[in-house]
Amino acid sequence: MTIRVYNTLTRAKEPFEPMIPGKVRMYVCGPTVYDSCHIGHARSVVVFDMIFRYLIACGYEVTYVRNFTDIDDKIINRANELGMTTQALAEKYIIEFHEDMDALNNLRPTIEPKATEHIPQIIVVIQRLFENGYAYAADGDVFFRVSAHDGYGKLSGRKLDDMEAGARVDIDTRKENPFDFVLWKASKPGEPFWDSPWGKGRPGWHIECSAMGADYLGESFDIHGGGKDLIFPHHENEIAQSEAAFGKTFVKYWLHNGFVNIDQEKMSKSLGNFRTIREILKTCHPEALRLFLLSSHYRSPVDFNEQAIRDAGVSLDKIYALLERIEKSAADLPDLETAAAVLEETQTKDWRRFSDAMNDDFNSALASGVLFDVVRTFNRRLDALEAGAGEEDKTALGSQIIDLLRMGRILGIMAESPGEYMTRRRQMDMAANTVDPEAVEALIREREAARADRDFKKADEIRDRLKTMNIVLEDRSDGTGWKFIR
RNA sequence: GGCGGCAUAGCCAAGUGGUAAGGCAACGGCCUGCAAAGCCGAUAUUCUCCGGUUCGAAUCCGGAUGCCGCCUCCA
């Protein structure tokens with residue numbers, strides 16, 4: 001079955017057919033590096049990482065480009081505020097971006113180009129636009145002539161005439177049309193600049209993507225992604241620039257992810273409700289955040305709130321509890337590492353269901369439902385085995401481990417060993433609860449002694465006492481464990 | 001004003017013409033000294049409302065209501 005993707009350009013799901021069979025060229029807009037990443041960035045990166053992983057799993061050779069906008073007004077302003085160079089500021093936040101996105105278990109793209117390292121390519125594209133009559137200069141600035149491009153508005157479904165009705169505040173009188181946008185911006189004194197045929201200046205926001213996309217993926221490529229907010233004007237302008245410069249279709253499939261809301265409210269700096277990734281990860285396991293983000297379809301809006309993230313954590317616990325159970329199982333199942341090394345392309349019914357979901361416009365929400373089905377049937381088979389029955393299920397478990405890990409690999413979860421996961425969870429819980437583990441262990445030993453004496457009244461008193469400390473006990477065959485109640 | 005999206009159980013969320021996945025919570029059961037974990041079972045005769053098309057609609061069409069996004073930097 002082929003993959004079907006929703007294309008913003010055509011507003012329909014289409015069969016995914018890369019221009020070069022077997023190869024996929026994908027460009028996703030990366031961050032402007034002037035501040036810490038928030039959960040909105042996380043969603044975009046995680047969503048396209050999931051798509052990247054799935055395309056690879058489907059056997060495509062994927063070239064994935066994600067840029068860094070490392071020069072623009074916001075960066076200049078921020079650098080001035082902080083008294084540092086734009087370069088140093090950008091570098092600082094690129095490092096942060098990598099730390100955050102690596103923590104979320106995102107694969108690095110094939111190439112991560114920076115705007116400032118592609119000035120010559122940018123200038124060449126602008127020159128092409130001049131040659132083709134789509135650009136004009138004014139006082140060292142260069143503008144794109146929107147009216148000269150027939151298809152302008154085709155991505156966002158806007159018509160220039162309709163938009164002109166909506167009054168824009170400060171119309172630059174040097175523009176031929178209010179919607180003409182800057183390709184090259186003259187530098188003011190003290191600002192970073194590069195030499196160009198139009199004087200000292202820096203590239204406009206949109207042009208870098210056209211130039212770098214063409215540089216690494218060609219003048220025409222398969223997928224271009226980003227947040228929905230980029231549809232207009234950013235992506236609309238990219239199309240105009242690229243198609244005007246190169247005279248061919250810029251991108252075949254346009255994919256856009258939905259927003260993250262915080263407690264039903266749009267997340268924005270002015271509302272002060274934006275949440276940074278690093279702040280969230282202090283109390284939330286990164287894979288729980290991933291699972292949360294992938295539990296909704298990528299085009300739908302998603303609401304971030306405490307309950308949602310807690311639920312995702314509980315769900316993830318359920319998965320790791322199974323992995324731990326597999327590891328400790330007496331039945332001679334393949335161990336996780338061996339299974340992970342195999343992961344051959346078996347076509348089980350579960351994998352089929354999972355890939356069908358992913359094939360339908362990367363429906364990770366449906367796909368994660370399949371994963372939980374597998375978790376449940378797996379536990380059921382283990383129950384049967386432990387009860388001394390269900391020997392016939394044993395062979396099924398081998399391939400089911402593989403399914404489990406394959407699904408996890410697409411979603412980018414289950415990357416840790418159960419032991420690592422449990423340790424990490426414990427650490428985060430310890431940070432959120434002020435408890436002396438020594439005291440807990442002492443109480444547990446006391447209770448063990450009481451239980452050995454069959455003094456269940458005392459044992460239960462200790463259990464209750466721990467419960468007031470937000471701790472629940474688990475009596476297992478290999479001893480008593482404890483964990484925090486969420 | 002222009003363009004677009006969404007409304008499914010207490011909450012989250014799939015389903016886009018064939019009779020409502022999954023997760024969390026709650027309830028009953030198995031298991032357990034009691035629990036926890038796991039499993040099993042029962043939970044929406046119904047998908048915001050009103051019309052229409054159809055043998056058949058949560059799914060398509062028309063209308064109403066509500067919520068939201070974009071049109072300005074934004075993932």
Side-chain angles (χ1 to χ4, degrees), chain A residues 8 11 13 28-32 34 37-48 72-74 153 156-159 161-170 179 205 225-234 236 256-261 264-270 274 291-292 295-297 299-303 305 307-308 310-319 321-322 324-325 353 357 360 363-373 375-384 386-387 451 454-457 459-460 463-464 467 472-476 480-483 485-486:
Chain A
T8 306
R11 292 170 189 75
K13 279 186 197 171
V28 175
C29 287
T32 298
Y34 73 106
C37 296
H38 58 241
I39 185 166
H41 296 105
R43 185 176 195 195
S44 177
V45 172
V46 166
V47 160
F48 287 100
D72 92 324
D73 289 349
K74 291 192 294 292
S156 55
R158 289 157 212 274
K159 296 186 190 77
D161 292 344
D162 291 342
M163 291 198 295
E164 282 174 275
R168 296 220 335 175
V169 192
D170 48 344
F179 294 96
W205 175 34
K228 272 190 157 75
D229 49 346
L230 296 180
I231 295 171
F232 189 89
H234 186 52
E236 193 69 67
H256 293 97
N257 65 275
F259 294 119
V260 178
N261 293 131
Q264 321 269 28
E265 233 179 6
K266 179 190 155 110
M267 177 172 64
S268 74
K269 297 224 167 188
S270 54
F274 66 95
L291 190 58
F292 161 72
S295 292
S296 301
H297 184 90
R299 284 189 282 119
S300 305
V302 70
D303 191 55
N305 56 66
Q307 197 199 328
R310 204 182 318 120
D311 287 354
V314 172
S315 299
L316 189 64
D317 282 351
K318 194 183 169 99
I319 294 169
L322 171 62
E324 187 175 48
R325 197 178 172 194
R353 286 175 62 212
D360 185 10
N363 192 337
S364 57
L366 217 200
S368 65
V370 176
L371 172 63
F372 283 105
D373 272 344
V375 170
R376 182 157 35 77
T377 58
F378 207 120
N379 270 313
R380 189 190 309 165
R381 283 174 168 146
L382 284 174
D383 281 353
E386 284 167 14
R451 289 178 75 212
R454 300 197 66 77
D455 182 355
F456 295 121
K457 186 167 180 293
D460 288 345
R463 182 194 285 287
D464 289 342
K467 196 173 180 182
V472 65
L473 299 181
E474 293 179 9
D475 294 328
R476 301 185 167 212
T480 298
W482 60 282
K483 67 180 183 186
I485 302 164
R486 287 197 170 174

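Letters A, B, ... are given to chains in the order of the sequence lines, protein chains preceding strands, and every chain is numbered from 1.
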Residue-phosphate contact under 4.0 Å: [X] side-chain N/O, [N] OP1/OP2:
X	N	answer
Lys266(A)	C70(B)	yes
Arg376(A)	G22(B)	yes
Ser300(A)	A14(B)	yes
Arg380(A)	G38(B)	no
Trp205(A)	C74(B)	yes

Separation of [N] [atom2] from [X] [atom1] (nearest whole Å):
X	N	atom1	atom2	answer
Arg463(A)	G33(B)	CZ	C1'	10 Å
His256(A)	C70(B)	NE2	P	14 Å
Asn261(A)	A13(B)	CG	P	10 Å

Practice task
Measure the spacing between CD of Glu474(A) and OG1 of Thr480(A) and express it to the nearest 0.5 Å.
Solution key: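 One finds 9.5 Å between CD of Glu474(A) and OG1 of Thr480(A).
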[X] near the nucleic acid: base, sugar-phosphate alone, or nothing, with a heavy-atom cut-off under 4.0 Å?
X	answer
Ala365(A)	base
His297(A)	sugar-phosphate
Lys228(A)	nothing
Val260(A)	base
Gly227(A)	sugar-phosphate
Arg11(A)	nothing
Gly258(A)	base
Asn363(A)	sugar-phosphate
Leu230(A)	sugar-phosphate
Asp460(A)	base
Phe259(A)	base
Phe372(A)	sugar-phosphate
Asn379(A)	sugar-phosphate

Handout entry: Who pairs with U16(B) - Watson-Crick or G-U, where each distance is under 3.5 Å
Key =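 U16(B) is paired with nothing.
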Exercise for the section: Both distances under 3.5 Å, Watson-Crick or G-U wobble: report the partner of G66(B), or none. Expected result: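 Partner of G66(B): C6(B).
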Practice task
For Asp360(A) and Asn363(A), indicate whether the former's side chain and the latter's backbone hold a donor-acceptor pair under 3.5 Å.
Solution key: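 Checked: no pair found.
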Practice task
Taking atom P in both G66(B) and U54(B), compute the distance separating them and give it to the nearest angstrom.
Solution key: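 Between the two P atoms, the distance is 32 Å.
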Exercise for the section: Evaluate the side-chain proximity of Leu322(A) to Arg376(A): yes if any heavy-atom separation is below 4.5 Å, no if none is. Expected result: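 No - every pair of side-chain heavy atoms lies 4.5 Å or more apart.
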